[in-house]
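All residue numbers refer to positions in the sequence shown, counting from 1.
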Amino acid sequence: MEKINEARANITEESLKIKGVLATFIEETINERCTTEEAASKILDGKKSIKDLIDKITKEAKTRAVNSVAAISDEEVKEMVLKYYELDDTKANGTDVVDILDLI
C-alpha cells in the first residue's frame with residue numbers, strides 16, 4: 001500500500017506543477033487505476049511523465065486537425081493515458097456497472 005500511495009502522491013504533485021485541465025484529467029485517470037503494486041511500479045519507474053504525455057496528446061491532436069481545429073474525446077485521451085503508462089490491462093476499483101433496476 002505504501003508504494004501505491006507514493007505513486008499517487010508523485011502523480012498528484014506532477015499534475016499540480018503543470019496545472020491545467022488535461023494534467024488533472026491524466027492524474028485522475030492514473031490514480032483511478034493505481035490500485036496494485038504492479039501499477040504503482042509502472043508509475044514510479046521514472047521513464048514517463050505527465051508533461052511528455054501531454055506533448056504526445058498535443059502532437060496527436062495536431063495530426064488530426066482540419067482547418068486548424070482538432071478534437072480528441074475524453075475516452076480517447078483516457079485510452080492514450082492508460083496505454084502510455086501501460087495500465088490498460090488493469091481495472092479500476094469500483095467500476096462495476098450496477099443496473100438500477102436490480103435495486104428496485
Side-chain angles (χ1 to χ4, degrees):
M1 187 67 170
E2 187 174 317
K3 193 175 210 176
I4 295 168
N5 290 337
E6 180 184 353
R8 288 179 173 175
N10 285 358
I11 287 297
T12 300
E13 182 179 329
E14 185 180 356
S15 172
L16 291 172
K17 284 181 185 175
I18 295 170
K19 300 178 185 166
V21 176
L22 184 53
T24 301
F25 181 82
I26 292 169
E27 172 202 353
E28 290 171 354
T29 301
I30 295 168
N31 282 332
E32 186 178 276
R33 292 292 179 109
C34 185
T35 58
T36 66
E37 296 281 325
E38 179 185 359
S41 294
K42 290 177 181 181
I43 294 164
L44 292 171
D45 74 1
K47 297 177 184 174
K48 298 172 175 72
S49 72
I50 292 175
K51 183 185 179 316
D52 287 343
L53 180 55
I54 289 173
D55 290 343
K56 287 180 180 286
I57 293 168
T58 303
K59 187 176 180 179
E60 177 63 24
K62 287 179 182 178
T63 64
R64 295 183 185 191
V66 176
N67 295 325
S68 300
V69 177
I72 300 177
S73 72
D74 288 353
E75 196 56 43
E76 287 176 294
V77 172
K78 184 178 263 191
E79 288 175 18
M80 294 169 93
V81 171
L82 298 177
K83 184 175 181 179
Y84 179 78
Y85 279 94
E86 300 173 16
L87 301 173
D88 44 353
D89 60 344
T90 61
K91 185 177 178 186
N93 279 346
T95 58
D96 293 335
V97 176
V98 175
D99 187 343
I100 191 80
L101 297 175
D102 291 341
L103 302 172
I104 299 175

Inset, instruction - Can you sort out the partners of N5 under side-chain contact (heavy atoms from CB on, under 4.5 Å), two or more places apart, ordered by chain and number? - result: M1

Legend entry - salt bridge (Lys or Arg N to Asp or Glu O under 4.0 Å) partners for K51, two or more places apart: D55

Legend entry - Contacts of A61 that satisfy side-chain contact (heavy atoms from CB on, under 4.5 Å) - sequence neighbours left out: A70, I72

Legend entry - Linked, directly or transitively: I50 and I4 (ILVMFWY side chains, under 4.5 Å): no

Legend entry - Candidate list I30, T58, V77, V81, test side chain to side chain contact (heavy atoms under 4.5 Å, CB included), partner L53, passing option: V81

Legend entry - Partners passing salt bridge (Lys or Arg N to Asp or Glu O under 4.0 Å) against E2 (at least two apart in sequence or in another chain): none

Inset, instruction - Please identify each residue that fulfils side-chain contact (heavy atoms from CB on, under 4.5 Å) with E75, with sequence neighbours left out. - result: S73, K78, E79

Inset, instruction - For the residue pair M80 and E60, establish whether any side-chain heavy-atom pair is separated by less than 4.5 Å. - result: yes

Inset, instruction - With sequence neighbours excluded, give me every salt bridge (Lys or Arg N to Asp or Glu O under 4.0 Å) pair touching residues 15-26. - result: E13-K17

Legend entry - Those residues that, when tested against K3, pass side chain to side chain donor-acceptor pair (under 3.5 Å) (two or more places apart): S41

Inset, instruction - With sequence neighbours excluded, tell me which residues meet salt bridge (Lys or Arg N to Asp or Glu O under 4.0 Å) with E14. - result: none

Please report, to 0.1 Å, the donor-acceptor pairs under 3.5 Å made by any side chain of residues 21-28, with sequence neighbours excluded.
unit_1, atom_1, unit_2, atom_2, d
T24, OG1, G20, O, 3.0
E27, OE1, S15, OG, 3.1
E27, OE2, T12, OG1, 2.9

Legend entry - Pairing residues for E37 by the salt bridge (Lys or Arg N to Asp or Glu O under 4.0 Å) criterion, not counting sequence neighbours: none

Inset, instruction - Examine L44 and I11 and state if one hydrophobic cluster contains both, with Ile, Leu, Val, Met, Phe, Trp and Tyr joined whenever side-chain heavy atoms are less than 4.5 Å apart. - result: no

Legend entry - Salt-bridge criterion met for E38 and K42 (N-O under 4.0 Å): yes

Inset, instruction - With sequence neighbours left out, write down each residue that passes side chain to side chain donor-acceptor pair (under 3.5 Å) with D52, or none if nothing qualifies. - result: S49

Inset, instruction - Determine, stepwise, if the pair I43 / L87 fulfils side chain to side chain contact (heavy atoms under 4.5 Å, CB included). - result: CA-CA 9 Å; I43 294 164; L87 301 173; 4.3 Å; yes

Inset, instruction - State which residues pass side-chain contact (heavy atoms from CB on, under 4.5 Å) with K48; sequence neighbours excluded, sorted by chain then number. - result: D45, Y84, Y85, E86

